[in-house]
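The next block holds one structure in the form of structure tokens; read it before the comments.
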2 protein chains.
Amino acid sequence: MIQKINRMSLVEQVVEQIEQLIEQEKWKVGDKLPPEMELMKKFDVSRNTLREAIRALVHAGLLETKQGSGTLVRSTSSLGAALKRHAKKTTMLETLEVRLALEKQAAQMASQLRTNEDLAQMNTYIQKCKDAMNANEMEQFITSDIEFHKTIVRASGNQLLIDLYDNMTDILYSFVYNFMAIDPSIQLEVKFHTQLFEAIKKQDQQSAQMYVENDMEILKERVVRMMED
Amino acid sequence: MIQKINRMSLVEQVVEQIEQLIEQEKWKVGDKLPPEMELMKKFDVSRNTLREAIRALVHAGLLETKQGSGTLVRSTSSLGAALKRHAKKTTMLETLEVRLALEKQAAQMASQLRTNEDLAQMNTYIQKCKDAMNANEMEQFITSDIEFHKTIVRASGNQLLIDLYDNMTDILYSFVYNFMAIDPSIQLEVKFHTQLFEAIKKQDQQSAQMYVENDMEILKERVVRMMED
DNA sequence: CCGCATTTGTTCGTATGTATC
DNA sequence: GGATACATACGAACAAATGCG
């Protein structure tokens, strides 16, 4: 039996393994990696090799090293890191518009493909949004709101669309999060959620896209208002 | 006058400079970089430092090194490279759907923002498409077709949208290019181009989005047919 | 086919700066 | 402040691939 020769350099192999560990969430965002000595033993490579692999991942944006402290996980994919870097060169409004584009398409596709499980999940998150609104719990509202939208996009079944959307959402909310406040527009938002849900349930593609636009218009106004301050 | 301290490591600085040189097309895709010795002198860093910068860019997908031969430019942005890697894990159909999402949004925005120059350019490319079709020149048709669509997306004014769209288009056509043939559907395609152009001219957002869908349906059928073979 | 120059790949060693305890 | 561990940068020597005459 002939074994395939390992054409990948040691560094590349370590990089791949670390990438997978992060993608599989064995090492989560914010986690601190084990110290170099431990990793050397685990991967069975020299310190130089390990360090080089880590540097590659630092430049890719997945890891972050702090002198004297350690290395920690910063992002889950190089796509996310590249998007974040790119998004910084543009405005939040542009990111929002791209996110709108993705969600509109997702809503249209979800109208055709949604399963009963999808619908049930959407319903759950809508209810959570309502509860959070009544209890004036902003943080809970935002979390449920994000999950509601992500459920729609997941229902599209398009993995590339899902990944891009999730990254855009992360970028947006990492900026907007602290500037949110309970205000009358939230009631409108919940109303649009319900309408959007009904459209997807009825498999009405046109209306689904329209309600996405309505819903995101609110977020857009918040971003614009935020940028004026 | 207080000077800002250079917090960036030498490697990072070299990486940035090379990235800029590539982005500004001083080093174009396919070009061979000057040998390490020369670059060492130009950037005034040691070989190790330079090599580490190059390695980071190789991992990011912008450069490619060949022992004994040299280093050459592979891609113009890390976003593009990350997207390409990601897109390989999914299907062409998914890429096409995301591209459709972006172009629909772009068409809607272009309907509002298009300048007379934009319209003139679109017209030019439509004419080139017609000419190529009559002359049975497939390659010329595809090139003009791509340019027509890109012009619409550019007219949206959203740089993030433009970059993502361009990359998606590159990925798609690098797969589909060689499988195209002159067939009756091309006549339909030109017809949709004209309709789409008229909608943008009349600033009719709804129709513009619809015609994008019609137009891309043809491409979708081609991709599906191609994948069956 | 050989030999050679060019170019990148790999692995040492060393010096200095910097964060943490 | 001192000790320790890690980060950063440079230099040098040798290996391996490529291309040319």
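Lettering follows sequence order; numbering is per chain, from 1.
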Aromatic ring pairing B:H193/B:F141, orientation class (parallel under 30°, perpendicular over 60°, tilted between): parallel

Atom-to-atom span, CZ of B:R47 to P of C:dG13 - whole angstrom: 18 Å

Which nucleotide in D:dC10, C:dG9, C:dT10 has an atom nearest any side-chain atom of B:V45: D:dC10

Ionic contact status for B:R222 with B:E217, cut-off 4.0 Å: no

Step-by-step side chain to side chain donor-acceptor pair (under 3.5 Å) determination, B:T143 to B:E147: CA-CA 6 Å; B:T143 310; B:E147 281 307 319; over 6 Å; no

Sole residue of B:E97, B:E103, B:R99, B:K104 in side-chain hydrogen bond (donor to acceptor under 3.5 Å, both in side chains) with A:Q105: B:K104

Heavy-atom neighbours of A:E117 CD exceed 12 at 6.0 Å: no

Length of the CG-P vector between B:L63 and C:dT8, whole Å: 11 Å

B:E38 CD - C:dT7 P separation (whole Å): 8 Å

Pair B:Q159, B:D163: side-chain N/O donor-acceptor within cut-off below 3.5 Å: yes

Distance test, side-chain N/O of B:R51 to OP1/OP2 of C:dG9, below 4.0 Å: yes

Protein-nucleotide distance (B:L10, atom CG; D:dG11, atom P), rounded to Å: 12 Å

Rounded interatomic separation in angstrom, taking NZ from B:K41 and C1' from C:dT7: 14 Å

For atom CE of B:M37 and atom C1' of D:dA13, their distance in whole Å: 12 Å

Distance in angstrom units between B:I54 CD1 and C:dT7 P, rounded: 13 Å

B:M40 CE to D:dA9 P, straight-line distance once rounded to whole Å: 15 Å

Polar side-chain contact B:R55-C:dG9 base: donor and acceptor under 3.5 Å: no

OP1 or OP2 of D:dC10 under 4.0 Å from side-chain N/O of B:T49: yes

B:N48, nearest nucleotide to its side chain (from D:dG11, C:dT10, D:dA9): D:dG11

Test side-chain contact (heavy atoms from CB on, under 4.5 Å) applied to A:H59 and B:H59, B:E12, B:E52, B:R55, the passing residue: B:E12

Sorted by number, the residues of residues 65-72 of chain B with heavy-atom contact under 4.0 Å to DNA chain D: B:Q67, B:G68

